[in-house]
2 protein chains.
Amino acid sequence: MANSRSGESVIERVVRVLETFSAERTVQTASEIGRRAQLPSSTAHRLVEELVASGILERDEEQRVRLGMHLWELALRGSTALRLRQAALPHMERVQSAIREHTQLAVLEQEEALFLERLSHPDAGANITRVAGRLPLHASSSGLVLLAHADPGLRERVLAAPLRSLGPGTITDPQLLRRVLAGIRRSGHVVAPGSVEGVSTGVAVPIRDAGSVIAALSVVLPRASDPAAAVRALSDAAVRIEEELRATRV
Amino acid sequence: MANSRSGESVIERVVRVLETFSAERTVQTASEIGRRAQLPSSTAHRLVEELVASGILERDEEQRVRLGMHLWELALRGSTALRLRQAALPHMERVQSAIREHTQLAVLEQEEALFLERLSHPDAGANITRVAGRLPLHASSSGLVLLAHADPGLRERVLAAPLRSLGPGTITDPQLLRRVLAGIRRSGHVVAPGSVEGVSTGVAVPIRDAGSVIAALSVVLPRASDPAAAVRALSDAAVRIEEELRATRV
DNA sequence: CCATCGACCCCCATTGAATGGGAAATCCTG
DNA sequence: CAGGATTTCCCATTCAATGGGGGTCGATGG
């Protein structure tokens, strides 16, 4: 009978509910969501029901629930991510058909690299990046470029925090990282050992809009191959994407 | 002093707020949102603030607000739209480089065709479809394919409602529409005069998953050209996408 | 220089939407 | 068919959300 109120807004709770979904977990039951989002079962069920009613979630064949098309639509139409992606896509395709490896586009989001787009090549090896996936800034070539051009406050925060290793190639020494970042600002690109795989090399360049760096374009190469052609292709694509952005400017 | 409560859930209101954004209106002030979403100004400001705090919205340089990257991320990771798009994209690229015209992928959503992806070719003409944009089912080649394979209830509802014309090529006669839909089910594809432009032809084929049609793949051709090659390229791509979906099955 | 307008942002009394415990109904599963 | 998990329903409680009012700030213009 005594109801201990939660003390948090519905919006926060809805975000927590949506955060329980992932690439590995695309469908869930209401109870699973409740457990994962730390909500009382009856509240979770009611919230899920409301979200289904507004099209944010969709029920599948029976019982379980998944992210709805309407959410996808709301998030994309009018999103700046979409504008950037649309400007970049044709040029990413060109890079990908020239280099024949994975090509990806990432932005800085909440102190991590968020991947907006990824084109994969059938011949190319495995790749941990996914669309809408994240990687730490210090542990991906895209992330390094974004970090190099991020505001100094963020940079120092990342340098101060422990640099988690994702594999043999990950930079974990702050001093080395500092030098690498300076090198990126000087040369305009980065060629880094693939932090995760260990058998690959990441190559990335910045994309600017209105002066500041807003995204990074990258490819993953087999360790053996020469990165020079990739650097050239990426730089060229970046210039064209920046032109496109200027033309599309609102 | 007297507060007339709204009588609707926060979730509904948030959806209304998000719906005020569009491709033409990517940044707004809190007051604009309030007006458009029919919310009292003080409520609108507070809601916007909460949404910014949770990363759903982002403030730009000063004052104004736009859809946040975090919303994009929440909507995409784990979304079925993403899985379909990822499976289709490489094959869409192949179609597009063969046919050299606009190529698009659409699904059925709330009795309209919702476009998940669009590849455009620089040489190709204008095209009203956009990613995250919609068109009526009877007024686009993709929509016709989706409608032809939709459940009979929906089909009859569309046939009963007035068929709004978007241009000279739009099918507005229910009897004709019925015959066209039957033809699509028989032949497995549609070649329809571009409903909007009038100078183009739409060609579309269905994509199936687990037996039922879940999407449509289409291209827009100049009225003059022969659709046979396009039909072949699309059908081929559809088969490959269906294979991919089977392989990716969860 | 002051008036006007619009956007923004507090304050705060009011209240109904949201809450969550309980319990019953339903679905699995061994 | 028993026992656990999941979902649905109910409802008294209450606090998060509400929105009117009013004050601040900045831009426009007469």
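Order of the sequence lines fixes the chain letters, A, B, ..., with proteins taken first and strands second; residue numbering starts at 1 for each chain.
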Check the distance between [N]'s [atom2] and [X]'s [atom1] and give it to me in whole angstrom.
X	N	atom1	atom2	answer
R13(A)	dA16(D)	CZ	P	10 Å
E8(A)	dA18(C)	CD	P	14 Å
I11(B)	dA16(D)	CD1	P	17 Å
Q38(B)	dG19(D)	CD	P	13 Å
L39(A)	dT19(C)	CG	P	8 Å
R16(A)	dT19(C)	CZ	P	11 Å
E50(B)	dA18(C)	CD	P	13 Å

Between the opening five pairs and the closing five pairs of the helix from dC1(C)-dG30(D) to dC27(C)-dG4(D), how far apart are the helix axes, to 10°?
50°

Could you state the interatomic distance from CG (D209(A)) to CD (E244(A)), rounded to the nearest 0.5 Å?
12.0 Å

S235(A) OG to R240(A) CZ distance, which is reported to the nearest 0.5 Å:
12.0 Å

Are the charged groups of E49(A) and R59(A) less than 4.0 angstrom apart, N to O?
no

Scan Q63(B), R64(B), H45(B) and name whichever one has a side chain to side chain contact (heavy atoms under 4.5 Å, CB included) with T29(B).
R64(B)

Report the residue from V131(A), I128(A), T129(A), L105(A) that forms a side chain to side chain contact (heavy atoms under 4.5 Å, CB included) with F115(A).
T129(A)

If you compare every side-chain N and O of R46(B) against the phosphate oxygens of dG19(D) (OP1, OP2), does one of them come in below 4.0 Å?
no

Under-4.0 Å side-chain N/O to phosphate OP1/OP2 contact, S9(A) with dA16(D)
no

For the backbone of L166(A) and the side chain of T170(A), can you confirm whether one donor and one acceptor N or O come within less than 3.5 Å of each other?
yes

Carefully, step by step, assess M92(A) and R118(A) under the rule side chain to side chain contact (heavy atoms under 4.5 Å, CB included).
CA-CA 9 Å; M92(A) 290 178 69; R118(A) 185 192 104 171; over 6 Å; no

What pairs of nitrogen or oxygen atoms, one from the protein and one from nucleotides 4-11 of chain C, lie under 3.5 Å apart?
{"residue": "dA7(C)", "atom": "OP1", "partner": "R35(B)", "partner atom": "NH2", "Å": "2.7"}
{"residue": "dA7(C)", "atom": "OP2", "partner": "R35(B)", "partner atom": "NH2", "Å": "3.3"}
{"residue": "dC8(C)", "atom": "OP2", "partner": "A30(B)", "partner atom": "N", "Å": "3.3"}
{"residue": "dC8(C)", "atom": "OP2", "partner": "S31(B)", "partner atom": "N", "Å": "3.0"}
{"residue": "dC8(C)", "atom": "OP2", "partner": "S31(B)", "partner atom": "OG", "Å": "2.7"}

Set of side-chain contact (heavy atoms from CB on, under 4.5 Å) partners for E8(A), sequence neighbours left out
S6(A), E12(A), R13(A), R16(A)

